[in-house]
Asker: 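My questions will all concern the structure given below.
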Amino acid sequence: MTVDRQTAAPEQADIVIVGGGMVGVTLGLCLAQQLPQRRVVLLEQATLPAVQPGQPLPYAATFDARNTALSRRTIQAFTDLGLWQRLQPHATPIRHIHVSDRGHFGFARLNAEDEQVESFGQVIENAWLGVVLLAALRDCPSVSVRDGVSVTGLTREPERITVRGRQGDAELVIQAPLLIAADGTGSPCRDWLGLGARRHDYTQTALVTTVATSLPHAQVAYERFSAQGPIALLPLPDLPGEPVQTRRSLVWALPPADAERMMALDDAAFLQALQTAFGGRAGRFRRVGRRQAWPLQLMVADQQVVPRAVVLGNAAHSLHPVAGQGFNLCLRDILVLVQELVAADAAGQDPGDLSLLRRYEQMRLEDQRQIIRFSDTLVRGFSTSNPLLAVLRNAGLVGFDLLPGAKPALARYAMGLSHV
Ligand SMILES: Cc1cc2nc3c(=O)[nH]c(=O)nc-3n(C[C@H](O)[C@H](O)[C@H](O)COP(=O)(O)OP(=O)(O)OC[C@H]3O[C@@H](n4cnc5c(N)ncnc54)[C@H](O)[C@@H]3O)c2cc1C
(Lines give C-alpha, C1' and ligand atoms only; values in the text may rest on other atoms or scores of the structure.)
Protein backbone atom coordinates (compact mmCIF):
# COMPACT_ATOMS: atom_id res chain seq x y z
CA MET A 1 0.00 0.00 0.00
CA THR A 2 1.18 3.55 -0.63
CA VAL A 3 0.24 6.37 1.69
CA ASP A 4 -2.18 8.67 -0.16
CA ARG A 5 -2.43 12.40 0.54
CA GLN A 6 1.03 12.26 2.08
CA THR A 7 3.74 14.39 0.62
CA ALA A 8 6.44 13.81 3.25
CA ALA A 9 7.99 10.32 3.48
CA PRO A 10 6.50 8.21 6.29
CA GLU A 11 8.52 8.16 9.51
CA GLN A 12 10.36 4.87 10.12
CA ALA A 13 10.58 3.04 13.47
CA ASP A 14 11.49 -0.47 14.63
CA ILE A 15 8.42 -0.93 16.83
CA VAL A 16 5.24 1.15 17.13
CA ILE A 17 3.18 0.84 20.33
CA VAL A 18 -0.40 2.11 20.18
CA GLY A 19 -1.75 2.99 23.63
CA GLY A 20 -0.03 4.71 26.54
CA GLY A 21 -1.98 3.05 29.37
CA MET A 22 -0.20 1.03 32.05
CA VAL A 23 0.59 -1.76 29.59
CA GLY A 24 1.90 0.38 26.72
CA VAL A 25 4.10 2.44 29.04
CA THR A 26 5.48 -0.62 30.90
CA LEU A 27 6.19 -2.32 27.58
CA GLY A 28 8.03 0.81 26.39
CA LEU A 29 10.21 0.71 29.52
CA CYS A 30 11.06 -2.99 29.08
CA LEU A 31 11.94 -2.46 25.41
CA ALA A 32 14.10 0.55 26.27
CA GLN A 33 15.97 -1.48 28.86
CA GLN A 34 16.44 -4.65 26.82
CA LEU A 35 16.52 -3.42 23.21
CA PRO A 36 17.97 0.09 23.56
CA GLN A 37 19.31 -0.07 20.00
CA ARG A 38 15.76 -0.31 18.60
CA ARG A 39 13.74 2.82 17.93
CA VAL A 40 10.29 2.65 19.54
CA VAL A 41 7.44 5.12 19.00
CA LEU A 42 4.53 5.12 21.46
CA LEU A 43 1.28 6.78 20.36
CA GLU A 44 -1.39 7.76 22.89
CA GLN A 45 -4.57 9.64 22.10
CA ALA A 46 -4.95 11.28 25.54
CA THR A 47 -2.75 14.09 26.82
CA LEU A 48 -0.32 12.50 29.27
CA PRO A 49 0.91 14.40 32.35
CA ALA A 50 3.94 16.56 31.66
CA VAL A 51 6.91 15.68 33.85
CA GLN A 52 9.74 18.20 34.12
CA PRO A 53 13.26 16.74 34.22
CA GLY A 54 14.88 17.22 37.64
CA GLN A 55 11.60 18.26 39.31
CA PRO A 56 9.86 16.18 42.02
CA LEU A 57 7.12 14.03 40.53
CA PRO A 58 3.61 15.37 41.09
CA TYR A 59 1.63 13.11 43.45
CA ALA A 60 -1.86 13.72 42.09
CA ALA A 61 -4.51 11.83 40.16
CA THR A 62 -3.27 11.33 36.62
CA PHE A 63 -4.22 8.10 34.81
CA ASP A 64 -7.31 7.36 36.90
CA ALA A 65 -8.46 7.10 40.52
CA ARG A 66 -8.11 3.32 40.76
CA ASN A 67 -5.56 1.33 42.71
CA THR A 68 -3.76 -1.76 41.52
CA ALA A 69 -2.78 -4.76 43.61
CA LEU A 70 0.66 -5.61 42.26
CA SER A 71 1.68 -9.25 42.58
CA ARG A 72 5.14 -10.21 43.81
CA ARG A 73 6.14 -11.12 40.23
CA THR A 74 5.11 -7.65 39.03
CA ILE A 75 7.04 -5.99 41.87
CA GLN A 76 10.09 -8.03 40.86
CA ALA A 77 9.71 -6.75 37.29
CA PHE A 78 9.55 -3.12 38.48
CA THR A 79 12.58 -3.81 40.69
CA ASP A 80 14.46 -5.12 37.64
CA LEU A 81 13.53 -1.90 35.82
CA GLY A 82 15.06 0.05 38.73
CA LEU A 83 11.67 1.61 39.57
CA TRP A 84 10.41 -0.14 42.69
CA GLN A 85 12.30 2.20 45.05
CA ARG A 86 10.38 5.13 43.53
CA LEU A 87 7.03 3.33 43.57
CA GLN A 88 7.24 1.91 47.09
CA PRO A 89 6.65 5.15 49.09
CA HIS A 90 3.03 5.14 47.85
CA ALA A 91 2.41 1.39 48.11
CA THR A 92 1.05 -0.76 50.95
CA PRO A 93 1.82 -4.45 51.46
CA ILE A 94 -0.98 -7.03 51.66
CA ARG A 95 -0.02 -9.42 54.46
CA HIS A 96 -3.41 -11.07 54.98
CA ILE A 97 -6.30 -11.94 52.66
CA HIS A 98 -9.79 -12.52 54.03
CA VAL A 99 -12.49 -14.00 51.80
CA SER A 100 -16.11 -14.24 52.94
CA ASP A 101 -19.64 -14.72 51.61
CA ARG A 102 -22.31 -12.32 52.80
CA GLY A 103 -25.09 -13.96 54.80
CA HIS A 104 -23.38 -17.37 54.84
CA PHE A 105 -21.03 -19.17 57.17
CA GLY A 106 -18.00 -19.83 54.97
CA PHE A 107 -14.90 -17.74 54.99
CA ALA A 108 -11.20 -18.22 54.29
CA ARG A 109 -8.06 -16.54 55.52
CA LEU A 110 -4.58 -16.42 54.02
CA ASN A 111 -1.50 -15.21 55.89
CA ALA A 112 1.70 -14.26 54.13
CA GLU A 113 3.72 -15.59 57.05
CA ASP A 114 2.12 -19.04 56.68
CA GLU A 115 3.10 -19.03 53.01
CA GLN A 116 6.62 -17.93 54.03
CA VAL A 117 6.53 -14.71 52.07
CA GLU A 118 6.90 -11.17 53.32
CA SER A 119 3.63 -10.10 51.61
CA PHE A 120 1.20 -11.30 48.93
CA GLY A 121 1.77 -8.13 46.95
CA GLN A 122 1.39 -4.38 47.31
CA VAL A 123 -1.43 -1.98 46.56
CA ILE A 124 -0.47 1.17 44.68
CA GLU A 125 -2.47 4.12 43.45
CA ASN A 126 -2.68 4.18 39.65
CA ALA A 127 -2.02 7.93 39.80
CA TRP A 128 1.42 7.34 41.31
CA LEU A 129 2.21 4.26 39.24
CA GLY A 130 1.35 6.20 36.08
CA VAL A 131 3.45 9.24 36.84
CA VAL A 132 6.53 7.23 37.89
CA LEU A 133 6.39 4.97 34.83
CA LEU A 134 5.83 7.86 32.47
CA ALA A 135 8.66 9.95 33.93
CA ALA A 136 11.00 6.98 33.53
CA LEU A 137 9.86 6.38 29.95
CA ARG A 138 10.38 10.01 29.00
CA ASP A 139 14.00 9.57 30.11
CA CYS A 140 14.57 6.70 27.65
CA PRO A 141 16.33 8.00 24.53
CA SER A 142 15.24 5.05 22.37
CA VAL A 143 11.51 5.63 22.96
CA SER A 144 9.61 8.56 21.52
CA VAL A 145 6.36 9.20 23.46
CA ARG A 146 3.76 11.07 21.36
CA ASP A 147 0.60 11.94 23.24
CA GLY A 148 -2.47 13.64 21.80
CA VAL A 149 -2.14 11.32 18.77
CA SER A 150 -5.21 9.34 17.82
CA VAL A 151 -4.43 6.36 15.62
CA THR A 152 -6.97 6.26 12.79
CA GLY A 153 -5.96 3.26 10.70
CA LEU A 154 -3.44 0.53 9.86
CA THR A 155 -2.29 -1.15 6.68
CA ARG A 156 -0.31 -4.37 6.70
CA GLU A 157 2.11 -5.24 3.92
CA PRO A 158 4.48 -8.23 3.70
CA GLU A 159 7.49 -6.17 4.85
CA ARG A 160 5.97 -3.63 7.24
CA ILE A 161 2.92 -2.13 8.86
CA THR A 162 1.82 1.46 8.29
CA VAL A 163 0.17 3.29 11.18
CA ARG A 164 -1.83 6.44 10.46
CA GLY A 165 -2.85 8.93 13.12
CA ARG A 166 -4.02 12.48 13.74
CA GLN A 167 -2.57 15.04 16.09
CA GLY A 168 -4.90 18.03 15.94
CA ASP A 169 -5.09 18.94 12.26
CA ALA A 170 -1.84 17.19 11.39
CA GLU A 171 -1.68 13.72 9.90
CA LEU A 172 1.04 11.37 11.01
CA VAL A 173 2.25 8.24 9.21
CA ILE A 174 4.74 5.80 10.73
CA GLN A 175 6.02 2.54 9.30
CA ALA A 176 7.66 -0.28 11.24
CA PRO A 177 8.21 -4.02 10.95
CA LEU A 178 6.13 -4.54 14.14
CA LEU A 179 3.07 -2.95 15.72
CA ILE A 180 2.10 -3.72 19.32
CA ALA A 181 -1.48 -2.68 20.02
CA ALA A 182 -2.07 -1.91 23.71
CA ASP A 183 -5.11 0.24 23.02
CA GLY A 184 -7.48 -1.18 25.63
CA THR A 185 -10.60 -3.37 25.76
CA GLY A 186 -12.34 -1.60 22.85
CA SER A 187 -9.08 -1.76 20.81
CA PRO A 188 -9.69 -0.21 17.38
CA CYS A 189 -6.39 -1.80 16.26
CA ARG A 190 -7.76 -5.27 17.03
CA ASP A 191 -10.65 -4.56 14.65
CA TRP A 192 -8.40 -3.11 11.94
CA LEU A 193 -6.22 -6.24 12.20
CA GLY A 194 -9.33 -8.34 11.61
CA LEU A 195 -9.13 -10.09 15.01
CA GLY A 196 -12.41 -11.14 16.58
CA ALA A 197 -13.12 -11.38 20.30
CA ARG A 198 -15.49 -13.23 22.59
CA ARG A 199 -17.25 -11.21 25.25
CA HIS A 200 -19.33 -11.87 28.29
CA ASP A 201 -21.16 -8.98 29.91
CA TYR A 202 -21.18 -9.57 33.68
CA THR A 203 -24.06 -7.08 33.99
CA GLN A 204 -22.07 -5.57 36.83
CA THR A 205 -20.52 -2.15 37.25
CA ALA A 206 -17.48 -1.63 39.48
CA LEU A 207 -17.95 1.34 41.76
CA VAL A 208 -14.44 2.47 42.68
CA THR A 209 -13.53 4.91 45.43
CA THR A 210 -11.41 5.51 48.53
CA VAL A 211 -12.90 5.13 52.00
CA ALA A 212 -11.71 5.71 55.56
CA THR A 213 -12.66 3.28 58.32
CA SER A 214 -12.67 3.50 62.12
CA LEU A 215 -10.51 0.34 62.44
CA PRO A 216 -6.95 0.18 61.06
CA HIS A 217 -6.57 -1.96 57.95
CA ALA A 218 -3.69 -3.95 59.46
CA GLN A 219 -2.57 -4.80 55.90
CA VAL A 220 -5.59 -7.03 55.32
CA ALA A 221 -7.23 -7.27 51.88
CA TYR A 222 -10.91 -8.22 52.10
CA GLU A 223 -12.89 -9.92 49.37
CA ARG A 224 -16.56 -10.22 50.28
CA PHE A 225 -18.94 -11.98 47.93
CA SER A 226 -22.65 -11.42 47.68
CA ALA A 227 -25.35 -12.37 45.18
CA GLN A 228 -25.13 -8.82 43.74
CA GLY A 229 -21.36 -9.00 43.19
CA PRO A 230 -18.06 -8.96 45.10
CA ILE A 231 -16.74 -6.14 47.30
CA ALA A 232 -12.96 -5.74 47.55
CA LEU A 233 -11.41 -3.57 50.27
CA LEU A 234 -7.66 -3.07 49.97
CA PRO A 235 -5.24 -1.30 52.34
CA LEU A 236 -3.84 2.05 51.14
CA PRO A 237 -0.91 4.20 52.30
CA ASP A 238 -1.57 6.84 54.97
CA LEU A 239 -2.10 10.49 54.13
CA PRO A 240 -0.44 13.14 56.30
CA GLY A 241 -2.83 14.28 59.05
CA GLU A 242 -5.11 11.24 58.72
CA PRO A 243 -5.34 8.50 61.39
CA VAL A 244 -2.84 5.75 60.53
CA GLN A 245 -3.88 2.72 58.43
CA THR A 246 -7.45 3.87 57.89
CA ARG A 247 -7.45 4.57 54.14
CA ARG A 248 -8.73 1.78 51.95
CA SER A 249 -9.50 1.26 48.30
CA LEU A 250 -13.03 0.04 47.56
CA VAL A 251 -14.06 -1.86 44.44
CA TRP A 252 -17.75 -2.72 44.74
CA ALA A 253 -19.26 -4.70 41.86
CA LEU A 254 -23.00 -4.16 41.57
CA PRO A 255 -25.80 -4.63 39.03
CA PRO A 256 -25.67 -1.50 36.81
CA ALA A 257 -28.94 0.00 38.13
CA ASP A 258 -27.78 -0.42 41.76
CA ALA A 259 -24.40 1.09 40.92
CA GLU A 260 -26.12 4.08 39.34
CA ARG A 261 -28.20 4.52 42.48
CA MET A 262 -25.09 4.26 44.71
CA MET A 263 -23.25 6.82 42.55
CA ALA A 264 -26.12 9.27 43.07
CA LEU A 265 -26.38 8.92 46.88
CA ASP A 266 -24.94 11.60 49.13
CA ASP A 267 -21.87 10.56 51.13
CA ALA A 268 -23.74 9.74 54.35
CA ALA A 269 -26.31 7.53 52.58
CA PHE A 270 -23.56 5.85 50.55
CA LEU A 271 -21.51 5.05 53.67
CA GLN A 272 -24.60 3.58 55.32
CA ALA A 273 -25.37 1.38 52.29
CA LEU A 274 -21.75 0.20 52.19
CA GLN A 275 -21.80 -0.57 55.89
CA THR A 276 -24.89 -2.73 55.43
CA ALA A 277 -23.39 -4.57 52.47
CA PHE A 278 -19.91 -5.10 53.95
CA GLY A 279 -20.72 -5.55 57.64
CA GLY A 280 -18.54 -4.54 60.57
CA ARG A 281 -15.17 -6.25 59.94
CA ALA A 282 -13.45 -3.00 58.96
CA GLY A 283 -15.22 -1.00 61.69
CA ARG A 284 -17.32 2.01 60.76
CA PHE A 285 -17.02 3.53 57.27
CA ARG A 286 -16.30 7.17 58.12
CA ARG A 287 -15.45 8.94 54.86
CA VAL A 288 -15.69 8.41 51.12
CA GLY A 289 -13.84 10.07 48.24
CA ARG A 290 -14.87 10.64 44.61
CA ARG A 291 -16.76 7.71 43.14
CA GLN A 292 -16.06 6.29 39.67
CA ALA A 293 -17.94 3.61 37.74
CA TRP A 294 -16.46 0.95 35.41
CA PRO A 295 -18.73 -1.42 33.43
CA LEU A 296 -17.40 -4.98 33.77
CA GLN A 297 -17.06 -7.52 31.01
CA LEU A 298 -14.87 -10.42 30.05
CA MET A 299 -13.28 -9.89 26.66
CA VAL A 300 -10.83 -12.35 25.15
CA ALA A 301 -9.36 -11.85 21.67
CA ASP A 302 -9.78 -14.94 19.46
CA GLN A 303 -6.18 -14.57 18.39
CA GLN A 304 -3.45 -12.23 19.62
CA VAL A 305 -1.01 -12.19 16.71
CA VAL A 306 -1.02 -11.74 12.94
CA PRO A 307 1.97 -11.11 10.69
CA ARG A 308 3.54 -7.78 11.84
CA ALA A 309 1.22 -7.19 14.80
CA VAL A 310 0.43 -8.28 18.37
CA VAL A 311 -2.47 -7.22 20.60
CA LEU A 312 -1.46 -6.88 24.24
CA GLY A 313 -2.92 -5.88 27.60
CA ASN A 314 -6.66 -5.25 27.83
CA ALA A 315 -6.76 -5.34 24.02
CA ALA A 316 -5.92 -9.06 24.27
CA HIS A 317 -7.85 -9.96 27.45
CA SER A 318 -9.90 -7.85 29.78
CA LEU A 319 -11.01 -9.46 33.06
CA HIS A 320 -13.32 -8.81 35.98
CA PRO A 321 -11.16 -7.10 38.64
CA VAL A 322 -12.33 -9.53 41.37
CA ALA A 323 -8.97 -11.22 41.78
CA GLY A 324 -6.76 -8.21 40.97
CA GLN A 325 -5.11 -10.16 38.14
CA GLY A 326 -5.62 -8.05 34.99
CA PHE A 327 -2.47 -5.94 34.97
CA ASN A 328 -0.38 -8.67 36.62
CA LEU A 329 -1.27 -11.05 33.79
CA CYS A 330 -0.51 -8.36 31.17
CA LEU A 331 2.87 -7.78 32.79
CA ARG A 332 3.78 -11.45 32.42
CA ASP A 333 2.78 -11.23 28.73
CA ILE A 334 5.06 -8.19 28.35
CA LEU A 335 8.03 -10.01 29.90
CA VAL A 336 7.73 -12.99 27.56
CA LEU A 337 7.11 -10.84 24.46
CA VAL A 338 10.19 -8.73 25.18
CA GLN A 339 12.27 -11.85 25.89
CA GLU A 340 11.26 -13.28 22.49
CA LEU A 341 11.99 -9.99 20.70
CA VAL A 342 15.44 -9.83 22.30
CA ALA A 343 16.19 -13.40 21.20
CA ALA A 344 14.96 -12.62 17.67
CA ASP A 345 17.09 -9.47 17.55
CA ALA A 346 20.19 -11.40 18.60
CA ALA A 347 19.47 -13.98 15.87
CA GLY A 348 18.91 -11.25 13.26
CA GLN A 349 15.26 -12.34 12.88
CA ASP A 350 12.53 -10.00 11.66
CA PRO A 351 10.51 -8.89 14.77
CA GLY A 352 7.21 -8.97 12.86
CA ASP A 353 7.70 -12.53 11.64
CA LEU A 354 4.60 -14.62 12.28
CA SER A 355 6.49 -17.68 13.57
CA LEU A 356 8.11 -15.57 16.29
CA LEU A 357 4.83 -13.93 17.26
CA ARG A 358 3.02 -17.29 17.29
CA ARG A 359 5.69 -18.71 19.60
CA TYR A 360 5.05 -15.81 21.99
CA GLU A 361 1.30 -16.46 21.88
CA GLN A 362 1.74 -20.19 22.50
CA MET A 363 4.02 -19.51 25.47
CA ARG A 364 1.37 -17.29 27.07
CA LEU A 365 -1.88 -19.13 26.39
CA GLU A 366 -1.81 -21.52 29.35
CA ASP A 367 -1.23 -18.82 31.99
CA GLN A 368 -3.84 -16.58 30.35
CA ARG A 369 -6.44 -19.38 30.24
CA GLN A 370 -5.89 -20.30 33.89
CA ILE A 371 -6.19 -16.74 35.16
CA ILE A 372 -9.23 -16.00 32.97
CA ARG A 373 -10.93 -19.21 34.17
CA PHE A 374 -9.99 -18.49 37.79
CA SER A 375 -11.41 -14.95 37.90
CA ASP A 376 -14.46 -15.84 35.77
CA THR A 377 -15.32 -18.81 38.02
CA LEU A 378 -14.98 -16.62 41.11
CA VAL A 379 -17.44 -14.08 39.72
CA ARG A 380 -19.98 -16.52 38.30
CA GLY A 381 -19.73 -18.96 41.22
CA PHE A 382 -20.33 -16.28 43.83
CA SER A 383 -22.65 -13.85 42.04
CA THR A 384 -25.67 -16.08 42.34
CA SER A 385 -28.53 -16.35 44.78
CA ASN A 386 -29.11 -20.04 43.96
CA PRO A 387 -29.29 -21.61 47.49
CA LEU A 388 -27.67 -24.90 46.45
CA LEU A 389 -24.69 -23.08 44.93
CA ALA A 390 -24.50 -20.92 48.07
CA VAL A 391 -24.15 -24.04 50.25
CA LEU A 392 -21.54 -25.54 47.92
CA ARG A 393 -19.43 -22.44 47.69
CA ASN A 394 -19.55 -21.96 51.46
CA ALA A 395 -18.52 -25.55 51.99
CA GLY A 396 -15.74 -24.70 49.55
CA LEU A 397 -14.62 -21.68 51.54
CA VAL A 398 -14.64 -23.55 54.84
CA GLY A 399 -12.88 -26.54 53.27
CA PHE A 400 -10.40 -24.23 51.68
CA ASP A 401 -9.58 -22.78 55.10
CA LEU A 402 -9.06 -26.23 56.56
CA LEU A 403 -7.65 -28.16 53.61
CA PRO A 404 -3.85 -28.35 53.63
CA GLY A 405 -2.45 -27.45 50.21
CA ALA A 406 -5.51 -25.52 48.99
CA LYS A 407 -4.38 -22.26 50.52
CA PRO A 408 -0.83 -22.20 49.17
CA ALA A 409 -2.26 -22.87 45.68
CA LEU A 410 -4.59 -19.89 45.94
CA ALA A 411 -1.89 -17.79 47.56
CA ARG A 412 0.33 -18.49 44.56
CA TYR A 413 -2.45 -17.24 42.25
CA ALA A 414 -2.88 -14.15 44.40
CA MET A 415 0.86 -13.52 44.19
CA GLY A 416 0.91 -13.99 40.43
CA LEU A 417 3.43 -16.79 40.79
CA SER A 418 1.20 -19.57 39.50
CA HIS A 419 2.46 -20.01 35.92
CA VAL A 420 5.27 -17.64 35.24
C1 LIG B 1 -11.94 -1.38 38.80
C2 LIG B 1 -10.70 -2.07 38.33
C3 LIG B 1 -9.74 -2.49 39.23
C4 LIG B 1 -8.59 -3.16 38.81
N5 LIG B 1 -7.69 -3.61 39.73
C6 LIG B 1 -6.63 -4.34 39.32
C7 LIG B 1 -5.70 -4.86 40.28
O8 LIG B 1 -5.84 -4.67 41.48
N9 LIG B 1 -4.63 -5.60 39.82
C10 LIG B 1 -4.45 -5.84 38.48
O11 LIG B 1 -3.48 -6.53 38.12
N12 LIG B 1 -5.30 -5.33 37.56
C13 LIG B 1 -6.38 -4.61 37.94
N14 LIG B 1 -7.24 -4.10 37.01
C15 LIG B 1 -6.96 -4.31 35.57
C16 LIG B 1 -6.01 -3.26 35.01
O17 LIG B 1 -6.48 -1.97 35.34
C18 LIG B 1 -5.91 -3.40 33.49
O19 LIG B 1 -5.46 -4.70 33.21
C20 LIG B 1 -4.94 -2.41 32.88
O21 LIG B 1 -5.32 -1.10 33.19
C22 LIG B 1 -4.90 -2.57 31.37
O23 LIG B 1 -4.13 -1.54 30.83
P24 LIG B 1 -4.01 -1.30 29.26
O25 LIG B 1 -2.87 -0.36 29.11
O26 LIG B 1 -3.98 -2.60 28.54
O27 LIG B 1 -5.40 -0.65 28.83
P28 LIG B 1 -5.95 0.85 29.04
O29 LIG B 1 -5.65 1.32 30.40
O30 LIG B 1 -7.36 0.82 28.60
O31 LIG B 1 -5.07 1.71 28.04
C32 LIG B 1 -5.33 1.77 26.65
C33 LIG B 1 -4.79 3.08 26.13
O34 LIG B 1 -4.91 3.12 24.72
C35 LIG B 1 -5.30 4.43 24.33
N36 LIG B 1 -5.94 4.35 23.00
C37 LIG B 1 -7.11 3.73 22.69
N38 LIG B 1 -7.40 3.91 21.40
C39 LIG B 1 -6.39 4.65 20.87
C40 LIG B 1 -6.12 5.17 19.57
N41 LIG B 1 -6.95 4.98 18.53
N42 LIG B 1 -4.99 5.91 19.38
C43 LIG B 1 -4.13 6.13 20.42
N44 LIG B 1 -4.34 5.67 21.67
C45 LIG B 1 -5.45 4.93 21.89
C46 LIG B 1 -6.27 4.87 25.43
O47 LIG B 1 -6.40 6.27 25.49
C48 LIG B 1 -5.59 4.29 26.67
O49 LIG B 1 -4.71 5.19 27.29
C50 LIG B 1 -8.40 -3.42 37.41
C51 LIG B 1 -9.37 -2.98 36.48
C52 LIG B 1 -10.51 -2.33 36.94
C53 LIG B 1 -11.54 -1.91 35.91
Side-chain angles (χ1 to χ4, degrees), residues 21 64-69 97-104 106 123 126 184-187 197-211 221-234 248-265 269-279 285 288-301 313-330 368 371-387 389-390 392-394 396-397 413-414:
D64 60 51
R66 285 174 300 171
N67 300 278
T68 298
I97 299 176
H98 187 286
V99 187
S100 62
D101 194 4
R102 186 181 169 199
H104 299 280
V123 186
N126 284 15
T185 310
S187 173
R198 94 186 140 86
R199 294 165 195 275
H200 172 75
D201 184 352
Y202 287 115
T203 53
Q204 288 181 358
T205 298
L207 191 155
V208 181
T209 188
T210 304
V211 291
Y222 287 99
E223 189 80 65
R224 185 158 175 76
F225 291 94
S226 78
Q228 282 71 44
I231 304 177
L233 203 57
L234 303 175
R248 307 189 198 221
S249 156
L250 172 75
V251 180
W252 187 0
L254 288 158
D258 292 356
E260 216 175 296
R261 203 163 42 79
M262 291 296 164
M263 292 290 289
L265 291 179
F270 177 81
L271 289 168
Q272 186 52 54
L274 176 60
Q275 193 79 61
T276 308
F278 187 80
F285 288 97
V288 58
R290 192 165 64 90
R291 284 164 250 168
Q292 285 190 332
W294 298 81
L296 299 178
Q297 61 164 298
L298 172 68
M299 189 291 303
V300 185
N314 270 15
H317 40 67
S318 180
L319 320 182
H320 194 293
V322 63
Q325 291 281 356
F327 178 67
N328 292 308
L329 179 63
C330 298
Q368 293 173 359
I371 296 295
I372 291 165
R373 203 178 313 123
F374 173 69
S375 60
D376 189 51
T377 306
L378 269 185
V379 182
R380 295 195 208 214
F382 281 90
S383 301
T384 171
S385 48
N386 179 318
L389 279 180
L392 287 176
R393 72 183 181 234
N394 273 277
L397 279 184
Y413 268 105

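All figures in this text were calculated on a predicted structure; none of them were measured in a lab. The basis for the numbers below is simple: all heavy atoms, side chains too, and nothing from hydrogens, waters or symmetry mates. Start at 1 with the first residue, then count along the sequence.
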Asker: How long is the span from the CD1 atom in I231 to the CZ atom in F225, to the nearest 0.5 Å?
Answerer: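 Spacing of CD1 (I231) from CZ (F225) equals 10.5 Å.
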Asker: Enter the distance from Q368:CD to L319:CG here, rounded to the nearest 0.5 Å.
Answerer: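 Output value for this atom pair is 9.5 Å.
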Asker: What is the distance from atom CD of Q325 to atom NE2 of H317, rounded to the nearest 0.5 Å?
Answerer: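 The CD atom of Q325 sits 11.0 Å away from the NE2 atom of H317.
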Asker: Is the backbone of I97 close enough, under 3.5 Å, to the side chain of E223 for a donor and an acceptor to pair up by distance?
Answerer: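 Flag not set: sc E223 to bb I97 has no pair under 3.5 Å.
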Asker: Y202: what forms a side-chain hydrogen bond (donor to acceptor under 3.5 Å, both in side chains) with it, not counting sequence neighbours?
Answerer: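 Y202 satisfies side-chain hydrogen bond (donor to acceptor under 3.5 Å, both in side chains) with D376 once adjacent residues are dropped.
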Asker: Say you draw a straight line from SG of C330 to CD1 of I371; how long is it, rounded to the nearest 0.5 Å?
Answerer: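 So the SG of C330 and the CD1 of I371 are separated by 11.0 Å.
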Asker: With sequence neighbours excluded, tell me which residues meet side-chain contact (heavy atoms from CB on, under 4.5 Å) with S318.
Answerer: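 Residues passing side-chain contact (heavy atoms from CB on, under 4.5 Å) with S318: T185, M299, N314.
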Asker: Cut-off 3.5 Å, no hydrogens considered: what does the side-chain donor-acceptor table look like for residues 255-265, sequence neighbours left out?
Answerer:
none

Asker: Which atom names give the shortest non-hydrogen contact between W252 and A277, and what distance separates them?
Answerer: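 That would be CZ2-CB, 3.5 Å.
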Asker: Starting at CZ of F285, measure out to CG of L250 and round the result to the nearest 0.5 Å.
Answerer: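 Between F285 CZ and L250 CG, I get 7.0 Å after rounding to 0.5 Å.
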Asker: V288: which residues meet the side-chain contact (heavy atoms from CB on, under 4.5 Å) condition with it, sequence neighbours left out?
Answerer: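 Once residues adjacent in sequence are excluded, the partners of V288 under the side-chain contact (heavy atoms from CB on, under 4.5 Å) criterion are T209, V211, D267, F270, L271, R291.
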Asker: Hey, what do you get for CG (L207) to CG (L274), rounding to the nearest 0.5 Å?
Answerer: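 L207 CG to L274 CG: 9.0 Å, rounded to 0.5 Å.
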Asker: Run the side-chain contact (heavy atoms from CB on, under 4.5 Å) test against A206 and tell me which residues pass, sequence neighbours left out.
Answerer: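 Listed in chain order: V208, V251, W294, L296.
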Asker: Evaluate L298 against R198 for side-chain contact (heavy atoms from CB on, under 4.5 Å), listing each step before the verdict.
Answerer: CA-CA 8 Å; L298 172 68; R198 94 186 140 86; 4.1 Å; yes
Asker: Judged by atom type as modelled, is there a donor-acceptor pair below 3.5 Å linking the side chain of R66 to the main-chain atoms of N126?
Answerer: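 Between the backbone of N126 and the side chain of R66 there is no qualifying donor-acceptor contact (under 3.5 Å).
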